[in-house]
Amino acid sequence: MTKKKSHKHGGGAYEEELRPLQVQLTGVMRLLKERGERVVVLFEGRDTAGKGGVIKAISEKLNTRQCHIAALGVPTAREQGEWYFQRYVAYLPTAGEMTLFDRSWYNRAGVEAVMGFCTPAQTDAFLKQAPVFERMLVDDGIRLFKYWLTVDQAEQEQRFEERQDDPLKQWKLSPVDLQARSKYVEYGHARDRMLEATHTKWAPWTLVD
């Protein structure tokens, strides 16, 4: 599994490093359109790990007709009766597009498993099916990238407190997020099991610390 270390910067230094990367990315997107390629990027990780910030940095300078963000909410009653992967398929890109998933089908191996929103049998089935599903995507020509963002417990607690104290960030705290604060270890076990079952040659994980 590939591992990447994060680097903390002040605002000015961060912007200086970010801008040339965003310029490069716009060039990549032009090639994507010219070649008719499709890209899917999954961002998973612990609560407060920074998924939303990463997605914003990637997407904010791109054409919204070409770069799409998929952040699905709680499944409806109808969706609960469907094939598990079905509602995610609707958000896959067409030729020349990229879709960034702010959490993805891996909800089943994470929050759903830890919080009891699915049965152990459903989690077991998912861990067997996910590599097969992803192989189908890759075999069809989709470029699939999977990133897991991590944060240690002390930092996570600090970020939770910041969100509680900031009226502009309180919307980020859901009842599930608040319950998850007491299940740090359980989420770690679920993550390790997920990585072991779904880190494949055709769809490897990259861990970002």
Side-chain angles (χ1 to χ4, degrees), residues 1 40-55 68-92 99-137 144-164 169-200 203-208:
M1 234 165 286
V40 171
V41 189
L42 311 185
F43 293 96
E44 296 287 342
R46 292 185 180 275
D47 294 321
T48 78
K51 296 179 292 298
V54 171
I55 290 172
H68 306 285
I69 300 172
L72 282 63
V74 177
T76 64
R78 177 180 177 82
E79 288 171 336
Q80 290 176 10
E82 296 173 346
W83 174 48
Y84 178 72
F85 295 94
Q86 187 168 333
R87 71 182 188 132
Y88 295 99
V89 170
Y91 292 87
L92 295 176
T99 300
L100 310 176
F101 279 90
D102 187 350
R103 296 195 183 278
S104 65
W105 44 87
Y106 281 98
N107 278 333
R108 175 130 298 181
V111 62
E112 291 187 22
V114 174
M115 302 305 294
F117 298 151
C118 67
T119 66
Q122 288 174 319
T123 302
D124 292 345
F126 169 82
L127 293 174
K128 292 178 181 178
Q129 293 171 5
V132 179
F133 173 66
E134 292 170 0
R135 183 61 184 261
M136 292 171 65
L137 300 182
L144 177 61
F145 300 90
K146 304 189 300 188
Y147 294 93
W148 176 272
L149 279 62
T150 188
V151 60
D152 65 41
Q153 191 168 14
E155 180 69 17
Q156 185 183 56
E157 279 298 313
Q158 181 179 335
R159 294 180 183 182
F160 272 131
E161 291 175 5
E162 290 174 355
R163 290 182 179 183
Q164 285 182 319
K169 294 182 178 181
Q170 288 175 357
W171 65 271
K172 294 183 177 182
L173 287 175
S174 70
V176 173
D177 292 334
L178 296 175
Q179 293 179 51
R181 296 176 72 173
S182 64
K183 295 183 178 292
Y184 189 91
V185 174
E186 290 88 338
Y187 270 99
H189 292 325
R191 175 205 58 200
D192 293 346
R193 185 185 181 204
M194 178 203 74
L195 294 176
E196 183 177 359
T198 62
H199 179 67
T200 60
W205 281 99
T206 296
L207 306 185
V208 183

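Residue numbers count from 1 along this sequence.
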Hey, does [Y] have a side-chain heavy atom less than 4.5 Å from the side chain of [X]?
{"X": "Phe133", "Y": "Val89", "value": "yes"}
{"X": "Leu137", "Y": "Leu92", "value": "yes"}
{"X": "Asn107", "Y": "Leu72", "value": "no"}

Under the 3.5 angstrom rule, does the side chain of [X] hit a backbone N or O of [Y] as a donor-acceptor pair?
{"X": "Lys183", "Y": "Met115", "answer": "no"}
{"X": "Arg103", "Y": "Gly45", "answer": "yes"}
{"X": "Gln86", "Y": "Glu79", "answer": "no"}
{"X": "His68", "Y": "Thr99", "answer": "no"}
{"X": "Tyr84", "Y": "Gln129", "answer": "no"}

Output the distance between atom [atom1] ([X]) and atom [atom2] ([Y]), rounded to the nearest 0.5 Å.
{"X": "Thr150", "Y": "Glu44", "atom1": "OG1", "atom2": "CD", "answer": "13.0 Å"}
{"X": "Glu112", "Y": "Thr119", "atom1": "CD", "atom2": "OG1", "answer": "10.0 Å"}
{"X": "Ile55", "Y": "Tyr147", "atom1": "CD1", "atom2": "OH", "answer": "12.0 Å"}
{"X": "Phe43", "Y": "Asp102", "atom1": "CZ", "atom2": "CG", "answer": "9.0 Å"}
{"X": "Leu195", "Y": "Lys146", "atom1": "CG", "atom2": "NZ", "answer": "8.5 Å"}
{"X": "Asp192", "Y": "Tyr187", "atom1": "CG", "atom2": "OH", "answer": "14.5 Å"}

Residues two or more places apart in sequence or in another chain: which of them pass ring-ring contact (aromatic ring centres under 6.0 Å, His included) with Phe101?
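If we apply the ring-ring contact (aromatic ring centres under 6.0 Å, His included) test to Phe101, skipping adjacent residues, the hits are Trp105.
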Taking atom OH of Tyr91 as the centre, report whether more than 12 heavy atoms of other residues, nucleotides or ligands fall under 6.0 Å from it.
no
Which heavy atom of [X] sits nearest a heavy atom of [Y], and at what distance?
{"X": "Glu134", "Y": "Thr198", "result": "OE1-O, 4.3 Å"}
{"X": "Ala190", "Y": "Val114", "result": "CB-CG2, 3.8 Å"}
{"X": "Arg193", "Y": "Thr123", "result": "NH1-CG2, 3.8 Å"}

With Arg46 as the cation and Tyr184 as the aromatic partner, state whether NZ or CZ is under 6.0 Å from the six-membered ring centre and within 45° of the axis.
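Flagged: Arg46 positioned over aromatic ring of Tyr184.
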Can you tell which of Tyr88, Trp83, Phe85 makes a ring pair (Phe, Tyr, Trp, His ring centres under 6.0 Å) with Phe126?
Phe85
